[in-house]
Structure formats: C-alpha cells, structure tokens
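Structure, as structure tokens:
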Amino acid sequence: MRLYLVRHGETDSNKRRLLQGHTDSELNEYGRELARRTRDGLKDVPFAAVYTSPLKRAKETARIIMDKRDIPFYEDSRIQEMGFGIYEGLCVEKEHYNVPDPAFLNFFYRPSEYKVPEGGESFQDVM
C-alpha cells in the first residue's frame, strides 16, 4: 500500500500569514491552481480512497485533485489542522505579528515551550 499526503492549496489566510487552524477558510484561485497542478502530476496514480479533514480547503483540494475519479471520500477530523483557539486569524509574520503573547510563537521554533492559547489544542490533544 502507498499513502500520498497532500496539503491543501493556498487560502487568503495563508497568503497573509494568518493562523487558520480550525477556521474553515476556502481556497483562493492560486490554491485551486496548485490543486489542478497536483491533479495533473498524479493523474496516472491509482487511488482506492481519499481521506480529508472536514475543512473546506482540504475537501476542495481533494475534489480538484481527484477530478472525475469514482472513488470514495471520507472526512476525518483526526487529520484536521491543529486548533489555535483565540489566536486564529492573527498574524504570525515575525515583523508584523499581533499575537497577544509572543511566547506563543515558540510553537514554530521551540515546540516543547509551546504555550496553548485559550480554546486551542496542545500537542497531546492532537496526538
């Protein structure tokens, strides 16, 4: 068995360097183009099933990639992105971040020191 992992295409939040987590963002046009390119690159690969998170951006990416293939799609929240709680929608670009507690950025640089924001998930939650 081979397993192919594909990340969703670009969203406006990705482009603006905003935390998305569980926020249900849609793909932007460039994200759809990336999915079409991936579809073209995987056109000769046989797939038995597709597993996707319940988020719009993941489902749309998978639908574009699989195009007209007649295979089952399964949604599974266990493969959904990590939730960042009250920090979702905030900027993480180092020069412009507006996260209330800068220690939160340890998530990206020193995960063992990650401070879970209110309503967010820890690494243990995700595992």
Side-chain angles (χ1 to χ4, degrees):
M1 173 173 61
R2 287 196 176 156
L3 179 66
Y4 291 81
L5 300 176
V6 178
R7 183 166 158 54
H8 62 78
E10 183 184 80
T11 68
D12 287 340
S13 292
N14 291 138
K15 191 172 184 174
R16 294 177 53 212
R17 306 279 296 147
L18 304 179
L19 286 168
Q20 290 181 102
H22 291 175
T23 302
D24 207 4
S25 309
E26 295 186 17
L27 297 179
N28 60 25
E29 192 48 46
Y30 182 62
R32 291 181 190 96
E33 175 60 25
L34 291 172
R36 288 188 290 271
R37 290 180 192 180
T38 304
R39 174 198 63 207
D40 295 346
L42 296 173
K43 69 179 183 231
D44 297 325
V45 176
F47 289 96
V50 173
Y51 291 83
T52 179
S53 92
L55 298 173
K56 292 177 197 174
R57 60 189 178 265
K59 292 189 295 187
E60 184 178 5
T61 299
R63 292 270 177 220
I64 291 170
I65 292 170
M66 291 298 113
D67 197 26
K68 296 178 177 89
R69 297 182 196 213
D70 186 24
I71 56 176
F73 276 67
Y74 302 98
E75 287 183 26
D76 192 329
S77 61
R78 293 175 299 174
I79 57 175
Q80 179 172 304
E81 290 188 41
M82 184 175 196
F84 294 109
I86 61 170
Y87 288 0
E88 290 192 13
L90 299 181
C91 184
V92 294
E93 189 68 37
K94 227 175 184 182
E95 295 79 31
H96 306 289
Y97 67 79
N98 59 357
V99 176
D101 181 358
F104 167 76
L105 295 178
N106 287 335
F107 166 76
F108 299 101
Y109 307 107
R110 291 186 303 281
S112 63
E113 298 174 25
Y114 169 59
K115 182 177 178 185
V116 179
E118 181 183 325
E121 294 179 291
S122 69
F123 285 104
Q124 290 74 25
D125 294 333
V126 174
M127 293 162 79

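- Between the side chain of T61 and the main chain of G9, a donor-acceptor pair closer than 3.5 Å is present.
- The two residues A48 and P72 make their nearest non-hydrogen contact at O-CD, 3.3 Å.
- Side-chain contact between K59 and F73: absent, with no pair of heavy atoms (C-beta onward) separated by less than 4.5 Å.
- Distance OH/Y30 to OG1/T11: 13.0 Å, rounded to 0.5 Å.
- Side-chain contact, E88 with H22: no donor N or O sits under 3.5 Å from an acceptor N or O.
- Residues R7 and E81 have side chains in contact (heavy-atom distance under 4.5 Å, counting atoms from C-beta outward).
- By the rule that hydrophobic residues join a cluster once side-chain heavy atoms approach within less than 4.5 Å of another member, M82 and I79 end up as members of separate clusters.
- Atom OG1 in T52 sits 9.5 Å away from atom CG in D76 (nearest 0.5 Å).
- Of all heavy-atom pairs spanning G21 and L55, the tightest one is O-CD1, 3.7 Å.
- Under 4.0 Å is where a charged nitrogen must lie from a carboxylate oxygen, and between E60 and R63 no such pair does.
- Minimum interatomic distance between V50 and A62 (heavy atoms only, all atoms of both residues): CG1-CB, 3.8 Å.
- In this structure, L27 and R32 approach most closely via the heavy-atom pair O-NH2, 3.0 Å.
- Distance CD/E29 to CG/L34: 10.0 Å, rounded to 0.5 Å.
- When all heavy atoms of I65 and R39 are compared, the closest pair comes out as O-CG, 3.1 Å.
- Looking at Q80 and P54, their side chains come closer than 4.5 Å, going by heavy atoms from C-beta outward.
- When hydrophobic clusters are built by joining Ile, Leu, Val, Met, Phe, Trp and Tyr residues whose side-chain heavy atoms come closer than 4.5 Å, directly or via intermediates, Y51 is not grouped with Y4.
- Of the inter-residue distances, the one linking D12 atom CG with N28 atom CG reads 5.0 Å to the nearest 0.5 angstrom.
- A continuous path of hydrophobic side-chain contacts links F84 to V116 [ILVMFWY only; heavy atoms under 4.5 Å].
- Within a 6.0 Å radius of CZ in R16, other residues, nucleotides and ligands contribute 12 heavy atoms or fewer.
- Across all non-hydrogen atoms, the minimal contact from I71 to M66 is CD1-SD, 3.5 Å.
- Among K56, Q20, E26, the single residue meeting the side chain to side chain contact (heavy atoms under 4.5 Å, CB included) criterion with H8 is Q20.
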